[in-house]
Amino acid sequence: MKNKIWLSSPHMSGEELNYIHEAFDTNWIAPLGPNVNNFETDLAYYTGVKHCAALTSGTAAIHLALIMLGVKPGDEVICQSFTFSASANPIAYQKAVPVFIDSEKDTWNMDPLLLEKTIKARKKEKGKSVKAIVIVHLYGIPAKIDEIIEIANKYDIPIIEDAAEALGSEYNGKKLGSFGEFGILSFNGNKIITTSGGGALLSNNKEYIEKARNLSTQARDEAPHYQHSQIGYNYRMSNVLAGIGRGQMKVLDERVNQKREIFEYYKKEIADLPGIEFQPEIEGSFSNRWLTCITVDPDKSGGITREDIRLALLEDNIESRPLWKPMHMQPVFEKYSFYGNGTCEELFKDGLCLPSGSNLTEEDLERVVGVIKGVFRK
Ligand SMILES: *Cc1c(COP(=O)(O)O)cnc(C)c1O
């Protein structure tokens with residue numbers, strides 16, 4: 001059996017261990033401590049956002065953002081349908097109602113035209129505005145952020161910017177995660193940098209971030225005893241894991257470059273194959289290319305499908321994966337409203353994420369490309 005090629009596996013630099021040792025040497029093995037503070041400072045500085053709270057996950061960050069925006073049971077929250085379930089689950093935690101909308105073809109992210117249409121339609125039907133908008137920069141590609149912000153401002157609806165896959169990406173020179181009322185990041189094992197599990201909440205609003213730190217540590221009031229005036233959460237990042245994060249920050253830009261080189265390699269090698277297209281980006285975008293994603297159009301490829309390629313790769317012990325299954329197609333979210341245009345259903349049908357780990361070797365990449373070309377030669 002040939003060695004396994006993963007979609008995107010953790011890639012340590014070695015520096016992480018220094019910070020972990022420091023945590024052990026000073027006995028800061030708690031959900032607070034110098035690594036947490038420094039990791040937050042590093043992230044805020046890197047993204048150009050004023051304040052940051054390091055948390056247990058990106059999902060927790062979205063949940064706290066919704067809580068602080070006052071999202072309550074029955075409130076409606078617009079969410080991109082084409083995403084990972086973690087973008088939408090926290091809406092359900094609040095017993096609020098997700099309203100899913102489709103993507104456009106230029107970035108595969110939220111369609112601004114549908115966004116405005118949906119805001120108007122929900123207002124007409126419910127007599128009140130949606131409470132928040134969750135946008136996503138899928139696979140690291142910036143959404144049409146200018147247009148989306150203009151619409152959100154016009155209707156005075158706050159944006160939660162899910163940049164879980166997009167740390168290091170930019171739009172017009174500004175880092176993703178810095179555009180919304182809140183930005184959220186994830187450091188899950190397969191993300192561009194990882195703390196094995198973790199996330200962060202970003203905001204220029206100091207009160208929001210102080211509040212997030214309080215809510216994420218069980219919402220203690222200021223008192224010598226334990227006193228609580230509201231429901232809290234156990235969402236704070238540990239000082240040991242934040243040490244991994246500090247080490248990973250040192251190589252983040254290197255990882256972005258490596259991911260972009262992987263994308264360029266695939267493009268050079270397989271862009272000419274009939275029916276294959278890469279995830280596009282709009283002018284002003286600088287993508288971290290977290291995962292290189294393609295679509296395979298069987299009408300142009302001589303009948304070859306995404307599944308043909310995925311299964312051929314699997315046969316060679318190479319992991320690839322269909323694009324995210326849209327939320328409105330998920331059994332758990334089926335009953336909610338969806339405003340569509342056909343885009344994300346088609347992407348789900350024809351799309352594939354290729355192995356994109358920054359630790360892939362040249363031989364690994366040659367192997368992947370060899371298998372794909374082999375499918376087309378048959
Ligand atoms: C990974 C991811 C999240 C959630 O991050 P966790 O840290 O795993 O909770 C949210 N949204 C998107 C789009 C993601 O890919």
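Indexing begins at 1, ligand by ligand and atom by atom, following the structure's order. Note that this is a predicted model, so its numbers are computed, not measured. Below, each value reflects all heavy atoms present in this structure, side chains not excepted, and no hydrogens, waters or symmetry copies.
- At a threshold of 4.5 Å between side-chain heavy atoms, the hydrophobic network of Ile, Leu, Val, Met, Phe, Trp and Tyr places Y46 and L202 in one connected group.
- G199 does not count as a contact of ligand 1, since none of its heavy atoms falls under 4.0 Å from the ligand.
- For the pair W324 and ligand 1, the shortest N or O to N or O distance does not fall below 3.5 Å.
- Closest heavy-atom approach to atom 2 (C) of ligand 1 within the set H137, H63, K191: this belongs to K191.
- Atom 15 (O) of ligand 1 has its closest protein heavy atom at E165 OE2, 2.5 Å.
- Counting the atoms of ligand 1 from 1 in the order shown, those under 4.0 Å from a heavy atom of S87 are 11 (N), 13 (C).
- Ring planes of F333 and Y336: tilted class, angle from 30 to 60°.
- A side-chain donor from one of H328 and E345 sits under 3.5 Å from a side-chain acceptor of the other.
- Looking at atom 11 (N) of ligand 1, its nearest protein heavy atom turns out to be D162 OD2, 2.7 Å.
- The F84 neighbourhood of ligand 1 comprises atoms 2 (C), 3 (C), 14 (C), with distances under 4.0 Å to a heavy atom of that residue.
- Close approach of ligand 1 to T83 (heavy-atom distance below 4.0 Å) involves ligand atoms 13 (C).
- Residues I133 and I160 have side chains not in contact (no heavy-atom distance under 4.5 Å, counting atoms from C-beta outward).
- Contact between G198 and ligand 1 is present, with at least one heavy atom of the residue lying under 4.0 Å from the ligand.
- Using cut-offs of 30° and 60° for the angle between ring planes, the Y139 and W290 rings count as parallel.
- Some N or O of G58 is nearer than 3.5 Å to an N or O of ligand 1, by distance alone.
- Here CD1 of I62 is found 9.0 Å from OH of Y93. Values are rounded to the nearest 0.5 Å.
- For ligand 1 and A164, the ligand atoms under 4.0 Å from any heavy atom of the residue are 2 (C), 3 (C), 10 (C), 11 (N), 12 (C), 14 (C).
- Taking the ring axis of W108 as reference, the NZ or CZ atom of K105 does not stay both within 45° of it and closer than 6.0 Å to the ring centre.
- If you check which protein heavy atom lies closest to atom 8 (O) of ligand 1, you get N188 ND2, 3.3 Å.
- Here's the thing with T59: one of its N/O atoms is less than 3.5 angstrom from an N/O atom of ligand 1.
- Judged by the 6.0 Å and 45° rule, R289 forms a cation-pi pair with F263.
- The aromatic ring centroids of Y208 and F182 lie less than 6.0 Å from each other.
- For the residue pair E116 and Y155, a side-chain donor N or O sits within less than 3.5 Å of a side-chain acceptor on the partner.
- In terms of polar-atom proximity, S186 is counted as a contact of ligand 1, with an N or O under 3.5 Å from an N or O of the ligand.
- Heavy-atom contacts of V136 reach the following atoms of ligand 1: 13 (C) (cutoff under 4.0 Å).
- Interface of A86 with ligand 1, defined as ligand atoms under 4.0 Å from a residue heavy atom, comprises 3 (C), 4 (C), 10 (C).
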